[in-house]
Amino acid sequence: MKTSLNFSWKFVPDFQSAYLKKFPEKYQEVNIPHNAFEVPYNYFNENDYQKVVTYEKVFDIENYNKNRRYFVRFDGFMVQAHIYFNNEDLGNHISVYNPVEIEISKFAKEKDNHLIVVLDTREDKDIPPFGFALDYVTYSGIYREVYLVSEPQTYLRNIYVHGDSKGNIDIIYDKVGNDEINIKHRLLKDDIVIYETNKDQFKIDNPELWDLDHPNLYTLETSIEVNNKKETYKTRFGFRDIEFTKHGFYLNGDKVKLVGLNRHQGYPYIGYAASKSLQEDDANILKFEAGVNIVRTSHYPQSEHFLNRCDEIGLLTLNEIPGWQHLGTSEKWKETCLNNTKSMVLTQRNHPSLVAHGVRVDESVDNHDLYSKTNEIAHTLDKYRPTIGVRNFTDSELLEDIYGYNDFSCNSLKVGLTPKPIKRGNKPLLITEYMGHMDPLRNLSDEQRRIEVALRHAKVINDNYKYDEVCGAIGWCFADYHTHVDFGSGDHICPHGVFDLYRNPKYSAYIYASQQDKTPVLKVLSNMKPGDAPAAVFNDIYVATNCDYLELYKNDEFVKRFEANHKMFESLKHPPILLDDIVGETFKVSKFPPKARKTMAYMLSYAAIHGYGPQMPLRIKLYLAYSMMRYKISYTELVGYWNEYVGSWGGMAKTYKVIGYNSVHQITLMS
Ligand code: GAL
């Protein structure tokens, strides 16, 4: 049984040994999750939050029973904590990203229990992910929930329920204690019991499968009877099969191209100490706003709330042990790395959304001993999931089941991905990162850059679909994130996100969103304001959309209909649509026959979009000269057309409207 210990803690931002005897009179009352030091949006100093701080929680135990065992469970604190309970020293504990459970049975009492946490938030070179440069910050505080756990003398822990698409269920657990126990399982769907048994392996008929569109979840209630007392544990899981092959990824036998983004879990001000609802929001944004089908929780195990939400909405996940390129040499570093692997697998293996365990430190060098062990741990604790290791080089020793490769070859609109001949035998390949440092983009970057970056994302997604043998590709990254001074451009924000640090979408977010068909998407990748454009020239105007065709209106007058052009993005289902004429049918000067009118309109539009003057292509210049002669247009007349049909910076602002159509939705957008 778990009860919350999350409210009304005392906190002081330092530590003195006298605090162990008497907590300071002047303290702050705080709730968990808690970030020990607020981290500003930008321009902070990472040393400001690396200190030793003290927390105290005083609590009573409801229905206290001295025959039961009691534990305090921390879901996560940064970095390590010395714990004192009712004046007893319960030792030093490392969390970083792992839950820590400490037994307090011997010292617990019914009333007035004092729990003191002396938290050392300093990066420690002997604990992963620390020891060298690190492209993310880890903040501070008891940043995940704290619980009191109560168990009988003999109890179950680490219950793992695995269900496959045929309805087979396998239940694995550890029994702690020596009493004889009777175990019973009840399978529930939507709170209705559909099966009861005392067997740890059984089969049900026609399970409702967990998949991306129907994330059906079941609950297994496991009860034990110890000395005539009943204890019940609930485990949520799903029935589904996952398979990575050298030809692609399969969910319940159906091939699914994985299209995803990497996620860091930090936020401005609160750091990692995000509430359940914020964690859930990120999953919702990824699934419903960006429309992706997988998220890599780079580069560490993330919040249970986030993973639970992924289970509930059908968003696949890929986890990873803490680290970033660096492998520590001390025994303590390695031992912690192995503990991290164990803890991650045990904590996350019930999530149906989880497709593989990332058992290698992101982009680290080969290390036969260490990675043989991390693979073995994951395979032993979870025989149903493959392992993956993420590299930024080819021909690495492949101890995992899947080769994870970061492909940063996209540096223009010509190349998206370059599947390299990677030595991987018959094993599957998953692109685990792309773009990132190749294309930093601040929210205030100029529009041309924002469009270019969005189109590069489109190019990589295109290539992800093009190369059938690639299981999928996961972009760097979901949202901008705080980073160490070595990586930010001075302000400590790494601007690689498809969303910014506040989760506002950049243009690229709409490129992802427009590749799905559930929600209509129509976003003009331009604000159509000449004052924002260099020389008041718009340049290419693209629309991220999943509509079949678009209609453009200017001041409510029809301009032209546009359709997707698959030339540039041949494998995208919904390539961005180029609006290459913003004059079109609004040009109605009667002295031109219809065909010439169209051409004049196109030339005016060309000048508006790409600029007039020497940079115009010769064919346009020649045709303009020809038209002026053929239709007897004076220079003043031409300028008059320009002013009337194009206008420019400083003229009366025009209102553009784009209407998108497809067989399912009709949507309108004003720009
Ligand atoms: C990768 C790394 C990421 C991030 C990214 C930036 O090499 O895995 O964590 O630093 O580069 O592009």
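Positions are given from 1 along the sequence. Just so you know, ligand 1 is whichever comes first in the structure, and atom 1 is the first atom listed for that ligand.
Closer than 4.0 angstrom to ligand 1 lie heavy atoms from D135, H299, W324, D362, E363, N406, F408, E433, G436, H437, W476, Y481, H496.
With hydrogens and angles disregarded, a donor-acceptor distance shorter than 3.5 Å links the side chain of N252 to the backbone of W210. The backbone N or O of L278 lies less than 3.5 Å from a partner atom in the side chain of Y267, making a donor-acceptor pair.
Using cut-offs of 30° and 60° on the angle between ring planes, the pair Y136 and H299 is tilted.
Among V295, L430, L258, the single residue meeting the side chain to side chain contact (heavy atoms under 4.5 Å, CB included) criterion with I474 is L430.
When the shell of 6.0 Å around CD of E101 is examined, it contains more than 12 heavy atoms from other residues, nucleotides or ligands.
When only modelled atom types and interatomic distance are considered, Q279 and R309 share no side-chain donor-acceptor pair under 3.5 Å.
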